[in-house]
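Everything quoted here is computed from the prediction, not taken from an experiment. A note on names: the letters A, B, ... follow the listed sequences, proteins ahead of strands, and every chain is numbered from 1.
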Number of protein chains: 2
Amino acid sequence: MQQRLAAAGLRATHQRILILESLLVLPGHPTAEQVHRQVMANTPTVSLGTVYKTLDSFVEVGLTKRVASADAQCRRYDSDCSEHHHLYCTDTKEIIDYCNPQLDALIRDFFAKQGLENFQPHSFSLHIAGTRVS
Amino acid sequence: MQQRLAAAGLRATHQRILILESLLVLPGHPTAEQVHRQVMANTPTVSLGTVYKTLDSFVEVGLTKRVASADAQCRRYDSDCSEHHHLYCTDTKEIIDYCNPQLDALIRDFFAKQGLENFQPHSFSLHIAGTRVS
DNA sequence: CTTTTGTGGAGAATCATTCTTACCTGTGAC
DNA sequence: GTCACAGGTAAGAATGATTCTCCACAAAAG
Ligand SMILES: [Mn+2]
Ligand SMILES: [Mn+2]
Ligand SMILES: [Zn+2]
Ligand SMILES: [Zn+2]
């Protein structure tokens with residue numbers, strides 16, 4: 001953890017290490033509140049404000065990403081910073097990770113050939129809305 | 001407008017017609033607040049709460065969509081309900097429409113052949129993050 | 001050791017969104 | 001026409017996520 005924080009240019013404080021560990025250990029796409037609960041299980045003195053501020057700085061330096069969502073009432077964070085896609089279940093509101101290098105290649109090739117007007121793309125993420133089955 | 005509302009199963013009240021017209025006339029991906037301002041220009045008695053509730057019911061019946069975004073502090077609405085994609089400018093925070101039937105076909109074909117495990121997709125939307133150029 | 005700078009905690013403040021409640025409006029029955 | 005009823009709306013309060021302010025503390029620098 002210390003190394004990751006240092007590499008990102010952040011001082012490795014106790015709180016930051018805890019918050020980063022909590023983020024990594026939580027499955028799915030946790031909210032700041034969920035990260036806070038996880039942090040509190042270990043050290044009950046860390047404040048929710050610190051979790052918010054720290055997650056923001058993590059996003060800024062690329063240690064985590066925010067998950068895009070259409071109807072979210074609160075932000076969700078993704079500890080997986082590699083390019084991947086998401087399945088949005090319209091029934092359960094779950095956001096499920098979807099990783100497919102073939103798809104990545106397909107999209108990259110598409111835009112390599114036929115570029116965008118007045119726009120330099122940096123990353124692609126496909127949002128697949130639908131329903132979970134059996 | 002009346003017909004659209006009726007077809008969607010909503011009574012065509014004065015306020016709903018106004019809100020739908022305002023949504024259609026506003027460029028880009030307006031917030032509820034922006035829709036409210038547009039509505040107020042015509043009829044200054046419509047309340048912001050009504051705009052929120054009405055936009056929600058429009059989303060429910062498919063007259064509009066919410067735009068997914070990672071760091072939004074408020075919801076944005078899209079009067080264009082056809083499947084299309086979005087460019088997210090990380091500099092200006094603009095969300096720009098991107099429509100490309102070839103891309104749609106590519107994605108549809110990809111998932112037609114090689115389906116998803118335990119998930120029935122209904123719609124696809126590609127989020128392209130990057131920066132606007134000249 | 002002293003100064004400077006960064007970081008964190010507590011709680012207030014802000015802002016988008018939702019809820020409550022009472023009033024109004026259109027509709028159909030009679 | 002009157003009446004009853006259902007749905008829709010305005011106003012403002014309430015909620016809840018997020019941000020800010022301010023002060024104490026810790027860590028680095030000199
Ligand atoms: Mn908490
Ligand atoms: Mn307003
Ligand atoms: Zn993810
Ligand atoms: Zn759009």
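A straight line from CG of B/L55 to P of D/dT9 spans 12 Å, rounded to a whole angstrom. What separates CG of A/D56 from C1' of D/dT18 is a distance of 9 Å, to the nearest Å. If you measure from atom CD of B/E33 to atom P of C/dT18, you get 14 Å, rounded to the nearest angstrom. Taking atom CD of A/Q34 as the reference point, atom P of D/dA17 lies 11 Å away to the nearest angstrom. What separates CD1 of B/I19 from C1' of D/dG8 is a distance of 11 Å, to the nearest Å. Rounding to whole angstrom units, CD of residue A/E60 and P of D/dT19 are separated by 12 Å. One can place CZ of A/R76 at 15 Å from C1' of D/dT18, the figure rounded to the nearest angstrom. What separates CD of A/Q2 from P of D/dA27 is a distance of 13 Å, to the nearest Å.
Of the listed nucleotides (C/dT17, D/dA10, D/dT18), D/dT18 has the atom at the smallest distance from the side chain of A/L48. Distance from the side chain of A/R16 is smallest to C/dT7 among C/dT17, D/dT18, C/dT7. For B/Q15, taking side-chain heavy atoms from C-beta onward, the closest of the listed nucleotides D/dT9, D/dT18, C/dG9 is D/dT9. Listed candidates were C/dG9, C/dT7, D/dT9. Nearest to the side chain of A/T13 is C/dT7.
Remark: B/S47 is in phosphate contact with D/dA10, judged by side-chain N or O atoms under 4.0 Å from OP1 or OP2. The side chain of B/Q73 places no N or O atom within less than 4.0 Å of a non-bridging phosphate oxygen (OP1 or OP2) of D/dT19. Contact between the side-chain N/O atoms of B/R66 and the OP1/OP2 oxygens of C/dT17 is not found at any separation under 4.0 Å. The side chain of B/Y52 contributes an N or O atom lying less than 4.0 Å from OP1 or OP2 of C/dT17.
Without hydrogens or angle criteria, B/H29 side chain to B/I95 main chain gives a donor-acceptor distance under 3.5 Å. In terms of modelled atom types and a separation under 3.5 Å, the side chain of A/S69 and the main chain of B/A68 share no donor-acceptor contact.
Across B/H84, B/H127, B/H85, a single residue satisfies ring pair (Phe, Tyr, Trp, His ring centres under 6.0 Å) together with A/H127, and that is B/H127.
When each of A/K53 and A/G49 is assigned the nucleotide of DNA chain C with its nearest heavy atom, A/K53 is the one assigned upstream, toward the 5' end. Both B/R11 and B/C74 lie close to DNA chain C; mapped to their nearest nucleotides by heavy-atom distance, the more 5′-ward contact belongs to B/C74.
For A/F111 and A/F124, the gap between ring centers is short of 6.0 Å.
The CD1 atom of A/I107 sits 5.5 Å away from atom CD1 of B/I107, with the distance rounded to the nearest 0.5 Å.
Counting any heavy atom pair closer than 4.0 Å across all strands shown, B/T45 reaches sugar-phosphate atoms only and no base atom.
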